[in-house]
Amino acid sequence: MAKLILSMETTMLKEIPLSKERTTIGRKPHNDIQIDNLAISGEHAVVITILNDSFLEDLGSTNGTFVNGQSVKKHFLKNGDTIELGKYRLKYVSEIPQQTSSADFERTMILRPGANQHQPASGPVPAAPPETPAAAPMPAATEPGSQATPAHMATSPGMAPQPAATPQAAAPALPLGAIQILSGGNAGKEMELTKTLTTLGKPGVQVAVIARRPHGYFITHVEGANFPVVNGKALDTQAHQLADHDVIELAGVKMEFFLKN
Amino acid sequence: MDMSAVLEVVTRSEPGMVRTNNEDAVMANPVSGFAVLADGMGGYNAGEVASGMATALLGEELEKSFLQREPSNKETSGKFWAEVVLETEMARVNGSIYQAAQSQPQYSGMGTTLVVGVFHDNKVTVGHIGDSRLYRLRGEDFQQITRDHSLLQEQIDSGLITIEQARHSQNKNLVTRAVGIDPEVAAEIHNHEVFPGDVYLFCSDGLNDMVEDDEIAMTLGALSANLELCATQLIQMANDNGGRDNVSVILVKVKEEFPAARGWWSRLLALFK
């Protein structure tokens, strides 16, 4: 479960687990996190927690809410974020799921009313109204009318592209590869292989692709009757790993692959 | 109409780098012109059972239905036969999986996402439930055609989080609709126009959770001349980025137009009008 760590200057004051859907922060005593200081508004901010995600929302406080030095109205909290309220600091710590559950964690699961399949029993999973298992609980600030009605909104094919995860494992430092043209009109030209895929050749005649992978560069035949030739040897349909100073022949053009430092 | 002359289809499904079993299932019938992708869920091997049932049942029933009648036939309801068939057959598959899950304890709680595309008369009729997706590359333009039935999509729609924030969300794996979980489920069904040169990508979240949309678009663009290699490359990118889930893709390239045959009598009739 995620938690907030309250501190003032260098003194740690308290740890607050985010066990509720709404955790309020303010000067008045009814707040979940009460900070009795005049710089803090009566109802200053709220942290909304939905399963494993938490959001911070400023409740129109006089002096504002800051996260990592930036003034925020609404903020999606990430592990290590520091919320600043006057002289006080609240650090958001979201515990990494344990190794045993991490496989489970990636598993697709259905979100159903009343069913708490994802979290340990202590976590208050917001229950959706029974007729609309699709409806996720929204924070008070969001108008109820703005809830999703996917069936009606999806008629247009022109919707925004969906998010994809940031690739988990950053590629280990692979020296940058490049191609230098050795023959033909473009002889001497150099091209850095920065993209995941670089296509070479003439579409419809002969095309090959060089894929940049974490452990090296690989060339593969894409189309055309002739296959690319590497160091005098024609490739088959399989990908071929390129070594420094390999010479590639493709659509009548010679080029050299090399690694930059 | 034999669609295999106008469509080039490649299907691929792999377990990824972390899991030992593959709970995804894919099938395509290039002759009838449809493709089905399912991402199963549920303990032990039940996810595989659910996705396997979905692709097998739909593969059989859709083929039968489209032999009876062309998918582009207009029904009295004003809908295409393809839409009617998808509605009834996806509902029926839901019933079968639900029944199996209820009656056999080892299958309890199993379910699957589903995305189905039927190509007919220069159109594609798409039905989906859950977060498996259909994308389309048309020229430079790369679009997601289906909208996920997921908690994250609802949070994006309601303005709670932005698309950028959604990338970092911990709630990626929660779907709000699935096949086989409840006695009834509504499939979302839409028709889209198809142009020659279009490339369609059906995929499970094992691809789009691991590979950015930009990278997927670039791969389709660069390798559309060789769909087999394109599929291999997509799966390789998901695996290179961690491959935490099963990865499945179906690629469909439209080689030329495929208007429905109108029959000689209708052409003859048109002459006299």
Side-chain angles (χ1 to χ4, degrees), chain A residues 48 50-53 55 74 76 78 94 97 103 105-112 117-118 133-136 138-139 142 146-151 153-155 157-169 171 195-199 203-204 207 209 211 213-214 220-223 237 239, chain B residues 18-19 39 41 111 113 131 133 136 142-149 151 153-155 157-161 163-178 181 186 188 190 192 205 208-213 215 218-219 222-223 225-226 229 233 236-237 240-242 244-245:
Chain A
I48 294 148
I50 297 171
L51 300 177
N52 300 309
D53 288 339
F55 309 87
K74 190 144 124 192
F76 177 80
K78 289 188 278 297
S94 158
F105 183 68
E106 287 296 320
R107 251 169 230 284
T108 306
M109 279 185 270
I110 183 91
L111 182 67
R112 309 186 62 200
Q117 302 160 315
H118 192 60
M138 297 301 157
T142 314
S146 67
Q147 285 199 0
T149 49
M153 300 178 73
T155 39
M159 62 191 62
Q162 270 284 303
T166 325
Q168 175 196 30
K195 294 195 292 179
T196 323
L197 289 179
T198 307
T199 48
V207 178
V209 64
R213 302 189 57 192
T220 316
H221 172 76
V222 179
E223 62 169 324
T237 54
Chain B
V18 176
R19 307 231 182 129
D39 178 352
M41 53 196 177
T113 69
D131 65 353
R133 295 181 178 176
R136 177 188 66 210
F142 184 67
Q143 295 277 358
Q144 185 185 332
I145 305 271
T146 53
R147 176 182 284 259
D148 294 354
H149 300 135
L151 174 64
Q153 182 64 51
E154 286 178 5
Q155 291 181 338
D157 291 344
S158 67
L160 185 61
I161 58 173
I163 289 175
E164 175 51 35
Q165 290 166 346
R167 289 169 198 261
H168 307 289
S169 173
Q170 309 274 318
N171 291 336
K172 276 204 179 96
N173 55 341
L174 294 171
V175 297
T176 49
R177 261 194 239 184
I181 300 292
E188 193 175 327
H190 301 287
H192 302 276
D205 61 349
N208 53 267
D209 277 352
M210 303 309 299
V211 185
E212 303 275 350
D213 279 10
E215 296 268 293
M218 186 184 70
T219 308
L223 302 178
N226 186 338
L229 179 61
Q233 177 66 28
Q236 204 170 71
M237 288 198 295
D240 283 350
N241 288 343
R244 280 174 292 169
D245 199 352

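Each chain gets a letter, A, B and so on, in the order its sequence line appears, and its residues count up from 1. Just so you know, these numbers use all the heavy atoms, side chains as well, and skip hydrogens, waters and symmetry mates.
- A side-chain donor-acceptor contact under 3.5 Å links Asn171(B) to the backbone of Ile50(A).
- With a 4.5 angstrom heavy-atom cutoff, Phe55(A) touches chain B only via side-chain atoms.
- Top candidate by heavy-atom pairs under 4.5 Å with chain A, chosen from Ala225(B), Ala186(B), Ser169(B), Ala222(B), is Ser169(B).
- Comparing Val209(A), Thr220(A), Thr196(A) by heavy-atom pairs within less than 4.5 Å of chain B, the highest count is held by Thr196(A).
- Two residues are said to be in side-chain contact when any heavy atoms from C-beta on lie closer than 4.5 Å; Met210(B) and Met237(B) fail this criterion.
- A side-chain donor-acceptor contact under 3.5 Å links Gln153(B) and Asp157(B).
- Interface check for chain A: of the options Asn226(B), Ile161(B), Asp39(B), Asp131(B), the most heavy-atom pairs under 4.5 Å are formed by Asn226(B).
- Looking at Glu215(B), only its side chain comes within 4.5 Å of chain A, counting heavy atoms on both sides.
- Within a 6.0 Å radius of NZ in Lys78(A), more than 12 heavy atoms belonging to other residues, nucleotides or ligands are found.
- Between the CZ atom of Arg147(B) and the CZ atom of Arg133(B) there is a distance of 11.0 Å, given to the nearest 0.5 Å.
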